[in-house]
2 protein chains.
Amino acid sequence: MPSIDQPVDNTDDKSDFVSDYLLYLLAAASDAASNQFHDTIRKAGLRVPEWRVLACLYDHDGAMITELARLALVEQSRLTRIILQMENRGLVYRKGNPQDKRRVHVYLSNTGRDLANDLVAQAQIHEATLLETLQNSGAEHLKPALQALLQKLG
Amino acid sequence: MPSIDQPVDNTDDKSDFVSDYLLYLLAAASDAASNQFHDTIRKAGLRVPEWRVLACLYDHDGAMITELARLALVEQSRLTRIILQMENRGLVYRKGNPQDKRRVHVYLSNTGRDLANDLVAQAQIHEATLLETLQNSGAEHLKPALQALLQKLG
DNA sequence: GAAAACAATATGCATTTTCATACACTTTCG
DNA sequence: CGAAAGTGTATGAAAATGCATATTGTTTTC
C-alpha cells in the first residue's frame, strides 16, 4: 500500500467528457476487446493489420487492393506494402486483371487459407467467450447497433 | 456504368465472417464514426492522438504520463513523445512530482485549455448530430453497452 | 479518335511508431 | 540498513506509416 500517493485519479470515474463520449467509447471498447485477441494473432506470427487482411480475404478472396484497403480499414499505400510482405511470406498472391490492367486482385494461398481458417475459428471462439462474459450487459444490442451505425455512415 | 466489371464484391453484403464479427464491427464503427470528426481535428492543427490527449486532459488535468497513455489509448513511449511535441507547441506543460521524482504530471496550458474547450464543444455538437442521424437504429443502447463492456474488460 | 478527366496501384521520403532497454527513483524484504 | 525487485519515464534504432505524387491504364467528352 503506497503512502505518499494521492494520485490525480486512479479510476476513470471522475471524468466528465470522455467517459460519456460516443467516439471515445467506441475507440476504447474496440481497443479493450481487440487487445484480448491480439495476443493470439501475434502468437500466430502476424501483426494486427495482417490478420485484418487475412480475415477480409477469408470473406472476399480475390478482392482488389482498393476494396481490401477499405474493408481492412487501412490506407491504400499501406495496404500495398502489407500485401507485398504477405506475398513474400507466401500467405497471399497477387494477380492482375486482364480486363483492366490497373487492377490487382489478391488471393489467399493454401498456406494463407489454412492460417485464415485457423484464426477465424479461434476468433469465433474468442467472440463467443467474450459475449458470454458480457451477458446481461446489453451486449445483445451491440452488434445490431454497430451494424446500423455502419449502415448509416457507410 | 462500367461494362467489363464483374468485381468480386462491391458491397459488403456477401461477407460471412467479418460483417458479423464483434471485434470487426467495433473497429469499423469506431473508424467510421471518428473519421467524420477527424477533419475538424485536423483543421484545428492537431493530429488525432493529440486531440485524444487534449480531451483526456480536459477531464484529468495533471495526470501522469502512464495514466494518460492508458486513457488516451496510446503506448507509453509514444505518449512521451507526443507530450514533448505538445509542450513545444505550448499546449501542455510537464511538472515533476516532488514526492516521487519518477513521475511526470501533464497539465493543460492556457492555450491548450482554450483549444480543448473549443474542441470538446465541437465534439459534443458533432455527437449530438451523429446520434440524431442514428435515431431508430438502436443507438440508445450503444453507450450503455459500450460502457458495460469497458467495465467488464477494464 | 484524341485529349482530358478519372481510376488503381506503387513509390519516395519525411515522420511516426514500436520494441527493447536504459535510467532514475522507490518500495520491499531479509 | 542495503540489496533486490518494482515503477515511471525516456531514448536509440529499426520498421511502419502517411502523404504527395508518379505511373500506368481506362473512360469520357467533344
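Convention: sequence-line order gives letters A, B, ...; per-chain numbering from 1.
Spacing between atom CD1 of Ile83(A) and atom P of dA16(D) amounts to 14 Å, rounded to whole angstrom units. Put simply, CD1 on Ile82(B) is 15 Å from P on dT11(D), counting in whole angstrom units. Rounding to whole angstrom units, NE2 of residue His38(B) and P of dG18(D) are separated by 12 Å. Rounded to an integer number of Å, the gap from Arg70(A) CZ to dT9(C) P is 12 Å. Between the NZ atom of Lys95(B) and the C1' atom of dT9(D) there is a distance of 18 Å, rounded to whole Å. Taking atom CE of residue Met64(A) and atom C1' of nucleotide dT26(D), one finds them 12 Å apart after rounding to whole Å. What separates NE2 of His105(A) from P of dA8(C) is a distance of 11 Å, to the nearest Å. Atom P of nucleotide dT18(C) and atom CG of Leu73(B) are separated by 12 Å, given to the nearest angstrom.
Every salt bridge (Lys or Arg N to Asp or Glu O under 4.0 Å) that Glu87(B) has, sequence neighbours left out, goes to Arg94(B). For the salt bridge (Lys or Arg N to Asp or Glu O under 4.0 Å) test, residues two or more places apart in sequence or in another chain that qualify with Arg47(B) are Glu50(B). Checked against salt bridge (Lys or Arg N to Asp or Glu O under 4.0 Å), Arg81(B) has no partners two or more places apart in sequence or in another chain. For Asn117(B), the side chain to side chain contact (heavy atoms under 4.5 Å, CB included) criterion is met by Tyr58(B), Arg113(B), not counting sequence neighbours. For Asp118(B), the salt bridge (Lys or Arg N to Asp or Glu O under 4.0 Å) test picks out no residue, with sequence neighbours left out.
Nearest nucleotide to the Lys101(B) side chain, out of dT26(D), dC25(C), dT9(C): dC25(C). Here dT17(C) is the nucleotide among dT17(C), dA10(C), dT26(D) with the atom lying nearest to any side-chain atom of Pro49(B).
Within the structure, the salt bridge (Lys or Arg N to Asp or Glu O under 4.0 Å) test picks out no pair touching residues 144-154 of chain B (sequence neighbours left out). Within the structure, every pair that satisfies the salt bridge (Lys or Arg N to Asp or Glu O under 4.0 Å) test and touches residues 136-145 of chain A, not counting sequence neighbours, is listed here: Glu127(A)-Lys143(A), Lys143(A)-Asp20(B).
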Using nucleotides 11-15 of chain C, report all nitrogen or oxygen pairs with the protein that are shorter than 3.5 Å.
{"residue": "dG12(C)", "atom": "O6", "partner": "Arg81(A)", "partner atom": "NH2", "Å": "2.6"}

Distances under 3.5 Å only, N/O to N/O: pair up the protein atoms with those of nucleotides 2-6 of chain D.
{"residue": "dG6(D)", "atom": "N2", "partner": "Arg102(B)", "partner atom": "NH1", "Å": "2.9"}

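Side chains of Gln36(A) and His126(A): a donor on one and an acceptor on the other come within 3.5 Å.
Side-chain atoms of Gln135(A) and Leu131(A), non-hydrogen and from C-beta on, never get closer than 4.5 Å to each other.
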